[in-house]
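It should be emphasised that the depicted structure is a prediction, and the values quoted were computed from it without experimental measurement. Order of appearance sets the numbers: ligands from 1, and atoms from 1 within every ligand.
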Amino acid sequence: MPLVTTKEMFRKAYDGGYAVGAFNVNNMEIIQGITEAAKELNAPLILQVSSGARKYANHTYLVKLVEAALVETDLPIALHLDHGDTFELCKSCIDGGFTSVMIDGSHHSYEDNVKLTKQVVEYAHARGVVVEAELGRLAGIEDAVNVSAEDASYTDPEQVVDFVGRTGCDSLAIAIGTSHGAYKFKPGQKPQLRFDILAEIEKRLPNFPIVLHGASSVIPEYVAMINQYGGNMPDAIGIPEEMLRQAARSAVCKINIDSDLRLAMTGTIRKYFSENPSHFDPRQYLGPARAAIKGMVAHKIKNVLGCDGKA
Ligand code: G3H
Ligand code: 13P
Ligand code: ZN
């Protein structure tokens, strides 16, 4: 099966009350772990590439690895640019075979966000590619995304109809309290999401797919594993799985997960080296890391996203 866009995936997810997982990919083992889990569970999949991933692994390598996953799985897979920040970056991914791009204009003024998003939408739609946009601003720190808690802001439901109407975007990432990275809430703070804002947005944009970024649960088992085997992560708190399950039943059709992949991989490799300090064959530690990713993604598909059997 060739790469697909997210159009049909999102329509089915919206109607079926589940969400599709969008997992960040950076290398072969990550792609294999994710796609092997999806294949076993017959789940649709979004594989997403950040500008940092593209710099690290090279556009062509990532596209070819994802093409290999298509051959191996025969699943509906969308290849998506995560957090595109310029028209040129989106254009390069559209021209280079991606079926979906995100233009993240959330750091611009409202009018500039509309203008930039519209420009990307016009270019993408003319080539059969779909566009995710962002309104509101998430907190958190990643390679290319760095927003302090003070600069973060919830999505204003009053703006969504105007924004979607004027830009023509195909899905909308919103800010309701999720954030990027492993430190989403302060120690002692009770995790909370603004489901009231989500409900307002859903009311104003019926049948329109909503996206949640920063949706890792920061699985405690892997944080504990990192710290047990020589790491020193401070209290890391993510989004509780039952909240993600609740979001997946609503208009949220795409849930972004990266940090949980990083934690699963790093925890497993740390454990491996602690138990096998003399080993130096990369296959010996990357194999278990890939298996951990597969197990973690299978858990998300079955117990959080609800997209098993929906391919
Ligand atoms: O939200 C961003 C993703 O987790 C990608 O992170 O820019 O460090 O590759 P990155
Ligand atoms: P996490 O850091 O919560 O995994 O979020 C990933 C993300 O939103 C990628 O765009
Ligand atoms: Zn994100």
Side-chain angles (χ1 to χ4, degrees), residues 6 19-27 30-31 33-34 45-59 61-62 78-86 89-90 93 98 100-107 131-149 151-153 155 171-185 191 193 210-220 222-223 226 233 236-241 243-244 247-248 252-267 293 296-297 299-300 304-305:
T6 53
V20 180
F23 299 96
N24 285 75
V25 298
N26 293 278
N27 69 11
I30 295 174
I31 293 174
I34 297 164
L45 205 50
I46 300 166
L47 297 177
Q48 55 186 15
V49 170
S50 68
S51 62
R54 209 161 162 263
K55 274 189 209 119
Y56 171 78
N58 169 302
H59 180 97
Y61 277 92
L62 289 172
L79 178 56
H80 174 77
L81 168 66
D82 190 28
H83 292 285
D85 58 348
T86 61
L89 174 57
C90 292
C93 289
F98 283 38
S100 174
V101 293
M102 175 189 194
I103 177 67
D104 180 356
S106 62
H107 46 289
V131 179
E132 174 186 325
E134 180 163 328
L135 198 52
R137 200 182 292 177
L138 270 71
I141 300 174
E142 305 277 326
D143 242 17
V145 190
N146 186 343
V147 181
S148 71
D151 289 334
S153 58
T155 305
S171 60
L172 187 66
I174 61 166
I176 57 167
T178 62
S179 64
H180 290 111
Y183 307 102
K184 300 184 191 299
F185 300 97
L193 294 187
I210 299 300
V211 177
L212 273 195
H213 281 248
S216 279
S217 293
V218 188
I219 299 174
Y222 288 116
V223 177
I226 288 172
M233 284 183 70
I237 307 171
I239 313 295
E241 289 186 341
M243 289 189 189
L244 296 169
V252 171
C253 296
K254 173 176 181 270
I255 290 188
N256 284 13
I257 295 164
D258 187 5
S259 295
D260 280 335
L261 296 166
R262 297 176 181 197
L263 293 167
M265 195 162 197
T266 303
I293 285 177
M296 193 275 286
V297 170
H299 163 71
K300 298 272 182 193
V304 180
L305 302 158

Please identify which atoms of ligand 1 are closer than 4.0 Å to at least one heavy atom of [X].
X	value
Asn24	3 (C), 5 (C)
His83	1 (O), 2 (C)
Asp258	3 (C), 4 (O), 5 (C), 6 (O)
Asp82	1 (O), 2 (C), 3 (C)

Exercise. Less than 3.5 Å between some nitrogen or oxygen of Asn24 and one of ligand 2, yes or no?
Worked result: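 No.
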Problem set entry | Any N or O of Ile257 closer than 3.5 Å to N or O of ligand 2 |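 Such a contact does not occur with ligand 2.
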Exercise. Testing Asp258, Ile31, Leu261 for side-chain contact (heavy atoms from CB on, under 4.5 Å) with Phe23, which one passes?
Worked result: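 Going through the options one by one, the only one that passes is Leu261.
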Problem set entry | N/O/S atom name from His83 that is nearest to the position of the Zn ion (ligand 3) |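 Minimum-distance N/O/S atom of His83 relative to the Zn ion (ligand 3) is NE2.
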For this session: With the Zn ion (ligand 3) as the reference point, give the N/O/S atom of His213 that is nearest.
Result: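 Distance check against the Zn ion (ligand 3) picks out ND1 in His213.
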Problem set entry | Non-hydrogen side-chain atoms of Val49 and Val25 separated by less than 4.5 Å |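 Contact flag for Val49/Val25 side chains = yes.
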Exercise. If we only count heavy atoms from C-beta on, is the Val297 to Ile257 side-chain gap below 4.5 Å?
Worked result: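 Side chain of Val297 against side chain of Ile257, heavy atoms only: no contact under 4.5 Å found.
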I'd like to know if the side chain of [X] reaches the main chain of [Y], judged simply by a donor and an acceptor atom lying under 3.5 Å from each other, with no hydrogens or angles considered.
X	Y	value
Ser259	Val218	no
Asp260	Ser216	no
Ser217	Ile239	yes
Thr155	Ile174	no
Lys254	Val211	no

At less than 4.0 angstrom from any non-hydrogen atom of [X], what atoms of ligand 2 do you find?
X	answer
His213	8 (O), 10 (O)
His83	10 (O)
Ser259	1 (P), 2 (O), 4 (O)

For this session: Return the minimal non-hydrogen interatomic distance between Ser106 and Glu134, and the atom names on each side.
Result: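 Reported closest heavy-atom pair: OG-OE2, 3.5 Å.
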For this session: Can you label the angle between the His59 ring and the Phe98 ring as parallel, tilted or perpendicular, going by 30° and 60°?
Result: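 Rings of His59 and Phe98: parallel, under 30°.
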Problem set entry | Proximity flag Gln48 to ligand 2, non-hydrogen atoms under 4.0 Å |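 Distance cut 4.0 Å: Gln48 passes for ligand 2.
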Exercise. Strictly under 4.0 Å, does any heavy atom of Lys184 approach an atom of ligand 2?
Worked result: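 Yes, Lys184 has heavy atoms under 4.0 Å from ligand 2.
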Exercise. Should one rank Leu138, Asp82, Leu212 by closest heavy-atom distance to atom 10 (O) of ligand 2, which comes out on top?
Worked result: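 Looking at heavy atoms only, the winner is Asp82.
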Problem set entry | From Leu47 atom CG to Ile34 atom CD1, the distance as rounded to the nearest 0.5 Å |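 Rounded to the nearest 0.5 Å, the CG-CD1 separation comes out at 6.0 Å.
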For this session: Heavy-atom distances under 4.0 Å are what count here, so tell me which part of Arg262 touches ligand 1: side chain, backbone, both or neither.
Result: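 Side chain only.
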Exercise. What do you reckon, does Asn26 have a nitrogen or oxygen under 3.5 Å from a nitrogen or oxygen of ligand 1?
Worked result: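 N/O-N/O distance under 3.5 Å: no.
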Exercise. Does even one non-hydrogen atom of Arg54 get within less than 4.0 Å of ligand 1?
Worked result: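 No, Arg54 has no heavy atom closer than 4.0 Å to ligand 1.
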For this session: Classify the contact between Ser50 and ligand 2 as side chain, backbone, both or neither, using a heavy-atom distance cut-off of under 4.0 Å.
Result: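 Answer for Ser50: neither.
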